[in-house]
Structure formats: C-alpha cells, structure tokens
Amino acid sequence: MKEFTGSGSRAACEVEEKREIIEKLAKEIWENPECGFQEKIACEKTAKVLRDAGFQVETGAGGVPTAIRAQWGSGHPIVGFLGEYDALPGLSQKVSDHKEPVTEGACGHGCGHNLLGAAAVGGALGMKAELEEKGLPGTVVFYGCPGEEVLCGKPFMARGGCFFELDLALSWHPGKVNQASVSVFSACSGVKFHYTGITSHAADDPWNGRSALDAVQLLNMGAEFMREHVSPQVRIHYSITDGGGAPNIVPGKASVWYYVRALDRNTVNQVYDRLVKAAEGAAMMTETQLEIQYMGGCYPMVGNQVLAEVMSQVMEDMEQEEWTAEELQWAKAMNQPVEDQRKAAVKTFGLEPESQLFTGVAPIGKGITYASTDVGDVAHIVPTGMATVATAGLGAPGHSWQMVSSSGGSIGLKGMIYAAKILAAAGVRLAENPELVKKAKEEFDEMMNGEAYVCPIPEGMEIPKN
C-alpha cells in the first residue's frame with residue numbers, strides 16, 4: 001500500500017493505532033444486537049471508549065436514553081460525527097458464508113450499524129489526535145444516534161436540541177462500494193392505525209359484530225386506490241400487524257402499520273393527511289373506533305457537494321487495504337445466492353466480471369433512492385457529508401443475512417477501519433481549510449432557500465415502543 005501523507009495522515013495513523021479498540025467495540029455491539037431505542041449495551045460500551053479517550057461524555061442526549069453526545073476541544077469548526085448502533089428484528093446470523101442464525105427470530109446487524117457507530121468513534125478519535133498534535137482550533141463532537149432503523153432517532157434528538165451547535169456533520173454507511181454521495185433519499189412518516197370493533201360469533205350472529213379487520217381492509221383498499229392520485233415520487237407501504245384471531249370470531253381488534261415516503265417533507269405530510277382521512281372513513285363505514293399512533297418521521301437526505309468532494313478526495317488519497325484470498329472466497333460464497341445483484345453491481349461500476357468485493361473509489365453518487373435515513377434531519381440542520389464504504393460482497397442486499405455476517409467478520413471490520421480513517425482525515429482537512437466550511441454552509445443555505453427545519457416529532461410524543 002502507498003503511504004498516506006499530508007493533511008489527515010496523523011488522524012489516519014491514530015485510527016490504525018486504536019484499531020484493536022475500535023474493532024473490539026464493533027464486535028461487542030455485533031455480538032449483542034439491540035433494536036431501536038433498546039441499545040443499552042451499545043450505548044454503554046461506546047460511551048466508555050470515548051471517556052477513556054478524554055472526551056466529555058453525556059448519555060441520554062436530547063432526552064433519548066440511549067443517545068450519546070461526546071465532545072473534545074474548543075473553537076470552530078465544530079465537526080460532528082454521526083454514529084448509529086441499532087440492529088434489525090429477525091436477522092440473527094452467524095459469521096458464516098451461508099444463512100445460519102445465532103438465535104432464530106432474534107435481531108441482527110443487517111445494516112452494519114455496529115460498524116457504523118464504531119467507525120464514527122474512530123473518526124472522532126483520529127481528528128482529535130491530529131488537532132491536538134498540531135495545536136489547531138476545533139471542536140470534535142460524536143453523536144451516538146439510536147433508532148435509525150425506525151427512522152426517528154435523530155428527529156427525537158433534534159427535538160431535544162442536538163445537532164444545532166455543529167458547523168457541519170460527517171456520516172457514512174456500510175455498503176458495497178467506496179463512494180461519497182450527494183444522492184437524495186426519501187422523507188418518511190410512520191403511523192399505526194388501531195381499530196376496535198365488537199366481537200360476535202361469525203356464523204351464528206355476525207350482524208351483532210363490528211369487524212376491526214374489515215376496517216383495516218377498507219383502509220388498505222383506499223390506499224391502493226389512492227396510488228393513482230399521488231405523485232410518482234410517493235411510496236406507500238403497509239403491514240397488518242394484528243388481523244384478529246380465529247376465523248369464527250368477528251375480530252374486535254386489528255391494526256395496520258404504514259410508511260409514507262416521498263422526496264420532500266411537504267409531500268409526505270400531504271399524503272399522510274389523506275391517509276388519515278381514509279382511515280377515519282374506514283372507521284365510519286364499519287362503525288369501529290380508531291386510534292392513530294404516529295410513529296415519527298424524517299426529512300429526506302440531501303448531500304452536500306463540497307463535503308462529498310472532500311470525502312471523495314480523501315478516499316482517492318488513502319488506498320484501502322487489499323482483500324485477502326480467503327475474504328474473496330468468502331464473499332463469493334455469500335454472493336452466490338444473489339448472483340444477479342452482483343452482476344448488476346459489476347456492470348454499474350465497470351468492474352471485472354468475476355469481482356466479488358469492491359476495490360477503488362467510485363465517482364460521487366448523484367442519484368435518487370426511495371429508501372430513507374434519518375441522517376436527512378441532520379442534513380436539514382447543518383451541512384452534512386455522506387459516503388458509503390465497502391463492507392460486504394457486491395451482491396449483498398441491504399437488510400440481509402449476508403450483511404449481518406459480513407458486519408461481524410473481517411470483511412466488515414476492514415471496511416470499517418477504512419471508513420474511520422476517511423472520516424478522521426476529512427474532519428482534519430475541513431478544520432485546516434475554513435474556506436471549505438464556508439462554501440459548504442453557503443451550499444446548505446442555498447439548498448434550504450430560507451426554510452427552517454421543523455422537527456417532525458411533536459412536543460409530548462414519547463419514544464415509540466416497537
């Protein structure tokens with residue numbers, strides 16, 4: 001590997017020196033997967049690493065019990081590193097090249113958030129080391145953000161006052177390629193509709209019953225018809241979480257969980273309001289009672305070109321570690337069940353036909369995705385840089401057993417260390433070049449066009465129990 005020199009090189013060296021600590025943190029979080037807002041172990045272990053490194057650490061940041069705010073330094077720029085550490089339900093998986101749960105039905109790190117949070121810690125440690133050595137002004141802030149998978153962790157933290165202090169934020173996500181991004185992700189709102197009816201014998205006296213399931217079905221039918229009359233950018237999807245019990249009992253309880261997505265927050269709000277009207281109409285038609293449980297929402301992710309260029313340049317300057325023959329073989333086995341997706345990635349990025357893992361730097365991503373991330377809320381508060389780093393095989397789908405396995409093994413850990421070095425070096429370069437921070441803020445102001453961030457979490461709303 002070529003030697004990485006220049007601005008950010010001391011930060012990258014610090015990440016390498018702290019490699020054992022960062023990898024241990026990622027492994028411990030992977031071995032103890034916790035779903036959204038339940039991340040007690042992840043919060044405790046992450047906070048300890050930062051305290052031991054000399055950061056002032058607050059847990060319960062923004063009023064969210066498993067959130068962290070850790071600070072070192074003083075003055076500007078104030079650079080935030082965004083970490084996550086929640087897992088996904090039902091994705092338990094061993095470090096194996098085939099599907100093999102640790103505990104059937106348990107949660108697992110299908111989005112690699114064990115890597116995401118640990119690399120953000122590494123980025124903060126690395127930036128601190130170089131600023132300290134050079135005597136440069138600047139404040140390093142690590143934010144540990146729970147509940148990203150339910151798309152409302154950062155909005156809850158923002159409601160509690162987090163992120164507004166920052167000059168800029170840096171984030172990354174485990175993925176299949178090394179790529180800084182200005183891609184747009186969808187805004188989203190979640191809601192559960194709970195109906196209560198009247199039970200009765202479905203054969204002997206159904207006329208005395210009022211079916212809560214009928215209400216759910218009528219709502220779902222209304223949503224299907226609504227699809228014709230919403231913008232093509234809108235996505236509406238749902239899951240019936242309670243459909244009643246035995247078929248010979250008119251269901252007295254039924255529930256359905258909806259997500260509404262669109263490429264801007266206002267459209268999400270408009271479609272959400274229409275969906276609520278459909279839910280109320282279903283209750284009227286079935287003479288059932290309706291309870292609306294708003295689950296929170298997030299803004300669309302909008303990247304910052306200035307910050308993306310800084311992160312991409314760091315990737316170009318800092319050669320990634322080579323994949324070993326064993327890692328390539330491991331990836332090949334995990335790619336086999338998703339060979340079509342691997343081939344699609346090979347074609348998209350112009351790779352060798354038999355490529356299994358990504359090497360190099362892809363051009364800055366500028367597309368549109370209908371997936372969502374609550375990093376979008378931070379990106380509507382301060383300029384935010386985003387990148388992905390290869391931590392899994394080229395075919396690995398998001399939220400899959402392949403992602404869980406890779407996130408606990410050497411492929412994921414190697415990518416995580418590379419990500420930590422990129423974050424650390426990018427933070428230093430921004431601290432050493434105030435004009436870049438100024439340009440990033442100017443771009444942010446132009447994007448916001450005079451609009452202010454309005455938190456999608458209303459006052460008084462409690463953290464959802466999923």
Side-chain angles (χ1 to χ4, degrees), residues 62 69 71 75-84 120 123-124 127 137-143 145 148 151 153-155 157-173 179-188 262-268 297-314 364-369 372-388 422-423 425-457:
R69 181 189 178 280
Q71 175 181 325
H76 293 271
I78 304 174
V79 178
F81 293 89
L82 306 181
E84 299 164 13
M127 183 176 177
T139 305
V140 182
V141 181
F142 170 88
Y143 275 112
C145 308
E148 192 280 333
L151 299 175
K154 294 178 189 68
M157 293 174 69
R159 187 185 68 176
C162 295
F163 313 119
F164 293 90
E165 66 187 308
L166 302 176
D167 289 313
L168 59 94
L170 297 175
S171 185
W172 81 289
H173 202 285
Q179 182 179 47
S181 172
V182 292
S183 296
V184 177
F185 287 62
S186 295
C188 183
L263 297 177
D264 66 272
R265 187 72 215 160
N266 288 335
T267 300
V268 168
C298 64
Y299 270 68
M301 176 61 200
V302 181
N304 185 282
Q305 183 71 31
V306 173
L307 299 183
E309 288 175 359
V310 171
M311 297 180 83
S312 187
Q313 188 58 58
V314 170
I364 293 173
K366 298 180 180 181
I368 290 174
T369 176
S372 305
T373 171
D374 64 11
V375 176
D377 285 69
V378 182
H380 280 76
I381 295 171
V382 296
T384 301
M386 170 64 86
T388 60
I422 292 163
L423 291 171
V428 170
R429 291 189 181 188
L430 290 160
E432 290 185 330
N433 295 277
E435 71 279 3
L436 291 175
V437 178
K438 181 174 181 289
K439 287 179 180 179
K441 288 184 175 182
E442 289 171 350
E443 180 184 335
F444 172 81
D445 290 340
E446 183 177 351
M447 181 268 291
M448 292 298 289
N449 193 28
E451 292 188 19
Y453 171 78
V454 178
C455 185
I457 305 297

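Hydrogens, waters and symmetry mates play no part in the numbers below; they use all other heavy atoms, side chains included. Nothing fancy with the numbering, it's 1 onward along the sequence.
- When all heavy atoms of L423 and A120 are compared, the closest pair comes out as CD1-CA, 3.9 Å.
- Inspection of the Q305 and E309 side chains reveals an N or O donor paired with an N or O acceptor under 3.5 Å.
- Pairing each heavy atom of M301 with each of A379, the nearest pair is SD-CB, 3.8 Å.
- P456 has its side chain within reach of D377: a pair of non-hydrogen atoms, C-beta onward, lies under 4.5 Å apart.
- Between the side chain of N433 and the main chain of L436, no donor-acceptor pair closer than 3.5 Å is present.
- Taking CG from L263 and OG1 from T369, the interatomic distance works out to 9.0 Å, rounded to the nearest 0.5 Å.
- Contact record, G297 with I457: N-CD1, 4.0 Å, taken as the closest heavy-atom pair.
- For the residue pair L151 and C188, the shortest heavy atom distance occurs at CD1-SG, 3.7 Å.
- Scanning all heavy atoms of the two residues, the minimum distance from L307 to A169 falls at CD1-O, 4.0 Å.
- There is no side-chain donor-acceptor pair under 3.5 Å between T139 and Q71.
- Side-chain contact between K154 and C298 is absent, with no heavy atoms from C-beta onward closer than 4.5 Å.
- Panel note: side chain S171, backbone M386; no donor-acceptor pair is recorded below 3.5 Å.
- Annotation: side chain of I78 is in contact with side chain of L166 (closest heavy-atom distance under 4.5 Å).
- The distance from atom CD of Q179 to atom NZ of K366, rounded to the nearest 0.5 Å, is 10.5 Å.
- Evaluation of the ring pair (Phe, Tyr, Trp, His ring centres under 6.0 Å) rule for F185 yields no partner, not counting sequence neighbours.
- No more than 12 heavy atoms of other residues, nucleotides or ligands sit less than 6.0 Å from atom CD of E446.
- With sequence neighbours excluded, no residue forms a ring pair (Phe, Tyr, Trp, His ring centres under 6.0 Å) with F444.
- Using a 4.0 Å cut-off between a side-chain N of Lys or Arg and a carboxylate O of Asp or Glu, E442 and K438 qualify as a salt bridge.
- Tested against F163, the residues Y299, Y453, Y143 include a single ring pair (Phe, Tyr, Trp, His ring centres under 6.0 Å) partner, Y143.
- The distance from the CG atom of D167 to the CG atom of L430 is 10.5 Å, given to the nearest 0.5 Å.
- Annotation: side chain of H380 is not in contact with side chain of R265 (no heavy-atom distance under 4.5 Å).
- Contact detail for P300 and D264: the closest heavy-atom pair is CG-CA, 4.2 Å.
- Scored by the salt bridge (Lys or Arg N to Asp or Glu O under 4.0 Å) test, R69 finds E165 as partners (sequence neighbours excluded).
- Separation of atoms CG (L170) and CG (L82) is listed at 8.0 Å; rounding is to 0.5 Å.
- Residues S181 and M311 are not in side-chain contact: their nearest non-hydrogen atoms beyond the backbone lie 4.5 Å or more apart.
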